[in-house]
Amino acid sequence: MPDGSVRTTTRGSSGADVAASIGAGLAKAALAVKVNGEMKDLDWPIPHDAKVEIVTRKSEEALDLIRHDTAHLLAQAVQELFPGTQVTIGPNIEDGFFYDFARNEPFTPDDLPKIEAKMRELVARDLPTKRTVWKRDDAVKHFLDLGEQYKAEIIRDLPADEEVRVYYHGDWHDLCRGPHLPSTGKIGLGFKLTKIAGAYWRGDAKNAQLQRIYGTAWRDEKELAAYLQRLEEAEKRDHRKIGKEMDLFHIQEEAVGQVFWHPKGWTLYRTVENYIRRKVERADYREVKTPQLIDRKLWEQSGHWENYRPNMFIAEVDEGGGEHARRVLAVKPMNCPGHVQIFKQGLKSYRDLPLRLAEFGACHRYEPSGALHGIMRVRSFVQDDAHIFCTEDQIVDETRRFVALLTEVYKELGFDSFITKLATRPELRGGTEEQWDHAEKALENACKAIGLPYSVNPGEGTFYAPKLEFVLRDAIGRDWQCGTIQLDYVLPERLDAEYIAEDGTRKRPVMLHRAIVGSLERFIGVLIEHHAGKFPLWLAPTQAVVATIVNDADPYAKKVTAALKLASIRTETDLRNEKINYKVREHSLAKVPYLLVAGRKEAEEGTLSVRRLGSERQETIALDALIKQLVAEATPPDLA
RNA sequence: GCUGUUGUAGCGUAGUGGUAGCGCAACGCCUUGGUAAGGCGUAGGUCGUGGGUUCAAUUCCCACCAACAGCACCA
């Protein structure tokens with residue numbers, strides 16, 4: 001037992017028997033049993049000398065069990081309500097589960113409450129669970145006879161040594177590995193169906209599209225309510241909503257996937273851009289700018305034309321000589337080929353390396369319409385891009401320097417931690433196997449050399465290079481992949497970059513592609529959601545509003561605003577004929593960090609009544625002292 | 001791109017086969033009020049776009065565009 005005690009039972013006793021021998025309460029609460037660390041059904045006979053733990057609702061593992069059973073419940077309800085619907089798979093996911101069905105008629109949002117009601121009914125019926133083991137061929141034939149072609153396919157593909165188990169909940173049954181709760185009644189009512197979606201069979205767009213129903217499930221209705229509350233909170237942070245509310249940007253039909261930055265949004269954008277510019281300059285990068293339109297020849301040479309042609313914006317011009325003088329240019333989807341062109345100007349020596357070329361490169365990619373999402377996934381964006389041309393020997397040190405820079409930037413921008421993944425060679429790729437072996441090994445070595453923990457993300461590298469991915473965690477626990485460094489042997493070769501080595505021979509430089517925030521557009525979306533629009537002072541588009549109580553204070557308020565602007569504090573004046581309550585409410589909702597209230601008293605004394613966003617307290621501060629305080633707080637972290 | 005849903009004033013929304021309401025914002029007047037919505041009034045819409053059905057379409061049908069959710073994609 002978990003507490004170290006030993007219990008003796010008769011041969012063939014099950015988890016349920018053990019629970020019952022401990023107490024009636026536990027017997028009732030038992031959901032499953034953990035035998036030697038492995039989850040099993042309660043009725044599973046326990047082997048000799050086993051470590052046994054009874055799993056109840058309170059156990060950590062309970063949620064997984066409940067969710068998996070709820071997925072089965074969903075499938076059962078759907079098949080009862082919509083006969084002829086085929087079941088496929090229904091795994092657990094974060095916070096819930098889904099189940100994919102094959103059915104000609106689509107499910108509609110109106111179906112969800114009906115299905116949910118049926119699920120509750122099945123819980124109330126408290127159908128007992130029964131596990132059976134089948135011969136593979138029998139099972140395949142059985143499911144084919146039922147018209148369950150997907151299930152039959154799954155059984156055929158099971159590993160040869162795997163037992164074919166079929167679980168019954170009442171009469172309804174499904175192929176499943178288990179384990180399951182002893183009856184449908186144990187599932188409880190802490191579940192809710194959340195959305196319907198199309199999803200491809202086996203995740204492949206070439207296959208048939210199934211209909212997926214998503215749900216969430218918890219220990220009880222209280223936990224469910226808390227989860228739904230969390231969803232609502234996340235919705236409030238949505239950068240599209242806040243972007244509108246705070247008048248930061250908009251997107252419209254005539255420029256799909258591109259951002260119209262409003263003055264306030266652009267202020268935020270420039271603040272971030274200028275901050276990064278200072279950081280890379282201090283890290284010995286040289287900033288450059290490369291052309292937006294480049295002849296297709298260069299993209300053919302780099303390999304982009306072959307791999308990404310459908311996703312590139314193309315510009316065609318007639319140079320006046322008829323058909324033969326047509327020139328095809330691509331709007332750059334990446335900056336790397338441009339940077340190689342700069343590198344290739346003039347002969348480079350090993351003494352020039354490492355050469356770090358940085359660019360706030362505006363790139364355009366024709367993203368599929370379904371991929372677009374606010375300012376997070378757009379067709380026109382700017383990367384904080386840079387390419388480091390270096391020698392083999394410099395890889396580890398350059399990686400170390402980059403990770404140090406990135407850590408600093410994330411921290412200063414308000415993110416405390418990130419995780420690292422090593423994305424290895426994808427199926428579709430350029431270069432030779434030797435180059436890939438070499439590049440993956442080199443990145444691995446760099447991680448080890450600088451003591452950077454990482455997990456492997458197999459097959460997720462780019463077509464020319466393996467990469468390290470840096471994933472941020474935001475204020476409400478969501479992950480965002482932003483930074484990357486890619487170790488590329490392919491492009492320098494394809495674009496024929498070389499330098500003169502110490503021994504006088506010509507050699508290929510290694511190229512490190514790297515970005516810290518990735519797309520500025522996307523990163524600002526992340527920043528908005530991370531801070532819920534309540535930015536630290538240095539990032540806030542409007543840092544202070546001077547609001548008057550009476551007209552008599554107008555001249556003083558104007559004077560205060562002028563003084564603050566002189567000190568580079570982004571300040572607005574609110575002289576409107578409104579009550580102070582109204583102004584406080586409005587500027588608080590607009591998430592203005594500092595509200596500076598000026599009435600008759602303040603005007604006479606040369607002070608302001610200061611209210612910091614998020615606080616209901618006010619403090620009267622002399623103008624001079626206030627300016628000092630605001631300037632200190634508004635200083636970007638790298639200049640403080 | 002695929003599946004489903006949606007598209008009404010700057011924003012948030014109601015509604016109907018007989019050409020549209022509400023709230024906030026805007027504008028005007030009254031009010032000068034001390035920390036989260038003061039009062040009264042005015043203006044603003046070819047109901048996403050294009051076809052069709054109908055005496056009549058914002059409403060019903062079709063196509064397209066866009067947004068949203070998920071899938072696929074993300075150099």
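Computed over heavy atoms, backbone and side chain alike; hydrogens, waters and symmetry mates excluded. None of these values were measured; they are calculated from a predicted model. Quick note on labels: first sequence line is chain A, next is B, and so on, each numbered from 1.
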- Item | Presence of A:K244 side-chain N/O under 4.0 Å of B:G12 phosphate oxygens OP1/OP2 | yes
- Query: With a cut-off of under 6.0 Å to the ring centre and 45° to the axis, is A:R309 in cation-pi contact with A:W299?
  - Reply: no
- Query: Of the nucleotides B:A36, B:A75, B:G38, which one has an atom closest to the side chain of A:V584?
  - Reply: B:A36
- Item | Residue whose nearest RNA chain B nucleotide is more 5′ - A:G370 or A:Y464 | A:G370
- Item | Gap in Å between the two C1' atoms, one belonging to B:U8 and one to B:G44, rounded | 14 Å
- Under a 3.5 Å limit for both distances, which nucleotide forms a Watson-Crick or G-U wobble pair with B:G1, could you say? B:C71
- Task: Sticking with atom P, work out how far B:U58 lies from B:U46, rounded to a whole angstrom.
- Result: 12 Å
- Item | Phosphate-side-chain proximity, A:N581 and B:A36, N/O vs OP1/OP2 below 4.0 Å | yes
- Message: A side-chain contact here means heavy atoms from C-beta on lying under 4.5 Å apart; do A:E359 and A:H339 qualify?
- Response: yes
- Look at the side chain of A:Y200 and decide which nucleotide, out of B:C71, B:G33, B:A36, has an atom nearest to it. B:C71
- Cationic tip of A:R429 within the cone over A:F463's six-membered ring, i.e. under 6.0 Å and within 45° of the normal? no
- Query: Taking only N and O in the side chain of A:Y366, is any of them less than 4.0 Å away from OP1 or OP2 of B:C73?
  - Reply: no
- Query: Would A:R202 and A:D157 pass as an ion pair if we require N to O under 4.0 Å?
  - Reply: yes
- Query: Quick one: which of B:A66, B:U32, B:A75 gets closest to the side chain of A:P333?
  - Reply: B:A75
- Task: When you get a sec, tell me which of B:A67, B:A75, B:G7 is the closest nucleotide to the side chain of A:E253?
- Result: B:G7
- Task: Kindly indicate whether the side chain of A:R522 and the base of B:C74 share any N or O donor-acceptor pair separated by less than 3.5 Å?
- Result: no
- May I ask you to say what A:P106 touches in the nucleic acid, namely base, sugar-phosphate or nothing, with a heavy-atom cut-off under 4.0 Å? sugar-phosphate
- Task: Classify the nucleic acid contact of A:H373 as base, sugar-phosphate or nothing, counting any heavy atom under 4.0 Å across all strands shown.
- Result: sugar-phosphate
- What nucleotide, of B:U32, B:A36, B:G38, holds the atom closest to the side chain of A:R585? B:A36
- Message: Given B:G33, B:G70, B:C74, identify the nucleotide with an atom nearest to the side chain of A:R377.
- Response: B:C74
- Which whole-number value in Å describes the distance from A:E254 CD to B:A67 P? 11 Å
- Task: Would you kindly check if the NZ (Lys) or CZ (Arg) of A:R379 is within the cone defined by 45 degrees around the ring axis of A:F381 and under 6.0 Å from the six-membered ring centre?
- Result: no
- Query: Phosphate oxygens OP1/OP2 of B:G39: is one of them under 4.0 Å from a side-chain N or O of A:Y582?
  - Reply: no
- Message: Heavy atoms only, 4.0 Å cut-off, all strands: where does A:Y214 land among base, sugar-phosphate and nothing?
- Response: sugar-phosphate
- Task: Take the angle between the ring planes of A:H387 and A:F389 and call it parallel below 30°, perpendicular above 60°, tilted in between.
- Result: tilted
- Message: Taking only side-chain N and O atoms of A:H250, does any of them lie within less than 4.0 angstrom of OP1 or OP2 on B:C11?
- Response: no
- Base paired to B:C29 (Watson-Crick or G-U; both N/O distances under 3.5 angstrom): B:G39
- Query: Is the distance from OP1 or OP2 of B:C68 to the nearest side-chain N or O of A:R240 less than 4.0 Å?
  - Reply: yes
- Query: Hey, is the side chain of A:R576 poking within less than 4.0 Å of OP1 or OP2 on B:U32, counting only N and O atoms?
  - Reply: no
- Query: When only distance counts, do a donor and an acceptor, one from the side chain of A:E602 and one from the base of B:G34, lie under 3.5 Å apart?
  - Reply: yes
- Task: Identify the heavy atoms of A:L472 and A:C482 that sit nearest to each other, and give their distance.
- Result: CD1-SG, 3.9 Å
- A:S369 side-chain N/O to B:G1 phosphate OP1/OP2 under 4.0 Å: yes
- State whether A:K467 places a side-chain N or O below 4.0 Å from either non-bridging phosphate oxygen (OP1 or OP2) of B:A75. yes
- Donor/acceptor link under 3.5 angstrom from A:Q209 side chain onto base of B:C2: yes
- B:U49 pairs with, by Watson-Crick or G-U criteria that keep both distances under 3.5 Å: B:A63
- Write down the distance separating the P atoms in B:U19 and B:A57, rounded off to the nearest Å. 11 Å
- Message: From the set B:A75, B:C71, B:G38, return the single nucleotide nearest to any side-chain atom of A:N311.
- Response: B:A75
- Query: Is any side-chain heavy atom of A:R237 closer than 4.5 Å to a side-chain heavy atom of A:I476?
  - Reply: yes
- Message: What's A:G303 touching, base or sugar-phosphate or nothing? Going by heavy atoms closer than 4.0 Å.
- Response: nothing
- Counting any heavy atom closer than 4.0 Å, what does A:L589 reach on the DNA or RNA strands: base, sugar-phosphate only, or nothing? base
- Nearest-nucleotide pick for A:V550, side chain only, options being B:U32, B:C65, B:C74: B:U32
- Answer yes or no: side-chain N or O of A:R212 and base N or O of B:C71 forming a donor-acceptor pair under 3.5 Å. no
- Message: Does A:I580 reach a base, just sugar-phosphate, or nothing at all? Heavy atoms under 4.0 Å.
- Response: sugar-phosphate
